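Encoded as structure tokens, the structure appears first; notes follow it.
A quick note: this is a predicted structure, and the numbers were derived from the prediction, not measured.
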Amino acid sequence: IYQAEAFESAAQTALAAGRALDKLRYIENRPPNILLIGDSRVDNGFDPKILCSSLRSELTAFNLGIPGANARILYGITVRLAQDGRLGPGKIERVVIGLDEGFLQAGDDLGYGVFFADRNMLWRHKEYRDWLASLVRLWGYAPNLKQLREPAKLVAFIAATQGAVPPLGGEAAEHLG
């Protein structure tokens with residue numbers, strides 16, 4: 001089964017899943033006390049630095065807002081964090097979930113499910129195509145590769161496959177999300 005490690009590296013800068021992966025890897029290495037999760041409204045609407053300064057404490061926070069993410073994607077990310085032992089006292093102690101109408105929509109236009117959906121949940125809900133796409137990631141992510149028809153995105157994708165390229169929007173560490 002193709003795990004797409006090289007493709008994940010390329011995706012980190014050229015495609016939407018890459019930014020989400022960059023954020024997730026950041027909090028896996030530096031779990032904050034407070035985790036903000038949701039879609040683009042959370043991503044754009046919350047500044048972790050302002051949140052922590054207004055609480056006047058030593059708490060740390062991170063914005064894991066992911067544009068286009070829905071409940072399935074954020075559930076998969078939360079399960080991953082729980083399985084890795086990153087939730088609980090002295091780790092990620094509080095989770096703030098931003099809800100809106102898109103949160104419960106089934107669509108996954110940006111292909112996050114290939115990387116972040118919980119495979120056990122997909123199997124239990126008989127979503128076999130999505131389960132298989134999460135295993136054979138390049139096949140599952142193939143519909144999103146049509147974005148590479150745009151010359152600038154193709155050039156960015158090629159550059160990302162050959163070496164490190166700063167992610168779009170800046171490093172996760174730069175803005176805490």
Checklist entry - So do the side chains of K91 and L87 get within less than 4.5 Å of each other, counting heavy atoms only? => result no
Checklist entry - What's the verdict on side chain to side chain contact (heavy atoms under 4.5 Å, CB included) for F62 and I92, showing C-alpha distance, side-chain angles and the deciding distance? => result CA-CA 10 Å; F62 188 86; I92 299 172; over 6 Å; no
Checklist entry - Passes side chain to side chain contact (heavy atoms under 4.5 Å, CB included), L24 versus D22? Steps please. => result CA-CA 6 Å; L24 183 58; D22 184 47; over 6 Å; no
Checklist entry - Quick one: does L35's side chain get under 4.5 Å of L81's, heavy atoms only? => result yes
Item to check | Exam field: side chain R41 to backbone G98, donor-acceptor pair closer than 3.5 Å | outcome: no
Next on the checklist: The criterion is side chain to side chain contact (heavy atoms under 4.5 Å, CB included); which residues satisfy it with L59, sequence neighbours excluded?
Outcome noted: N33, I34, L55, S57, R94
Item to check | Residue pair P48 / A61: nearest heavy atoms and the distance that separates them | outcome: CB-O, 3.6 Å
Next on the checklist: Between E28 and R80, is there a side-chain heavy-atom distance shorter than 4.5 Å?
Outcome noted: yes
Next on the checklist: Under 4.0 Å between a side-chain nitrogen and a carboxylate oxygen: does that hold for D43 and R19?
Outcome noted: no
Checklist entry - Going from CD1 on I66 to CZ on F116, what distance comes out if it is rounded to the nearest 0.5 angstrom? => result 6.0 Å
Checklist entry - Cluster question for you: counting only ILVMFWY and a side-chain heavy-atom cut-off of under 4.5 Å, with indirect links fine, are L74 and F46 together? => result no
Checklist entry - Quick one: do M121 and W123 end up in the same hydrophobic cluster if we chain Ile, Leu, Val, Met, Phe, Trp and Tyr together by side-chain heavy atoms under 4.5 Å apart? => result yes
Item to check | Side-chain ion pair, K49 and D47, N-O less than 4.0 Å | outcome: no
Checklist entry - Does N70 reach the main-chain N or O of I73 with its side chain, forming a donor-acceptor pair under 3.5 Å? => result yes
Checklist outcome for this item: Excluding I50, membership of its hydrophobic cluster (Ile, Leu, Val, Met, Phe, Trp, Tyr; side-chain heavy atoms within less than 4.5 Å) reads none
Checklist entry - When you look at R30 and Y26, which way does the side chain to side chain contact (heavy atoms under 4.5 Å, CB included) test go after all the steps? => result CA-CA 6 Å; R30 297 169 203 85; Y26 179 86; 2.8 Å; yes
Next on the checklist: Quick check: do L36 and L51 have side-chain heavy atoms less than 4.5 Å from each other?
Outcome noted: yes
Item to check | Exercise: identify the closest heavy-atom pair between T60 and P32 | outcome: OG1-CA, 3.2 Å
Checklist entry - Does V96 belong to the same Ile/Leu/Val/Met/Phe/Trp/Tyr cluster as I77, with side-chain heavy atoms less than 4.5 Å apart forming each link? => result no
Checklist entry - K23 and N63: which non-hydrogen atoms are nearest, and at how many Å? => result NZ-O, 3.2 Å
Checklist entry - In chain order, what residues pass the side-chain hydrogen bond (donor to acceptor under 3.5 Å, both in side chains) check against T78, with sequence neighbours excluded? => result none
Item to check | L64 vs I27, side chain to side chain contact (heavy atoms under 4.5 Å, CB included): CA-CA, chis, key distance, verdict | outcome: CA-CA 9 Å; L64 190 61; I27 62 171; 3.8 Å; yes
Checklist entry - Same hydrophobic cluster for V42 and Y75, using side-chain heavy-atom links shorter than 4.5 Å among ILVMFWY? => result no
Next on the checklist: Quick check: do Y128 and L122 have side-chain heavy atoms less than 4.5 Å from each other?
Outcome noted: no
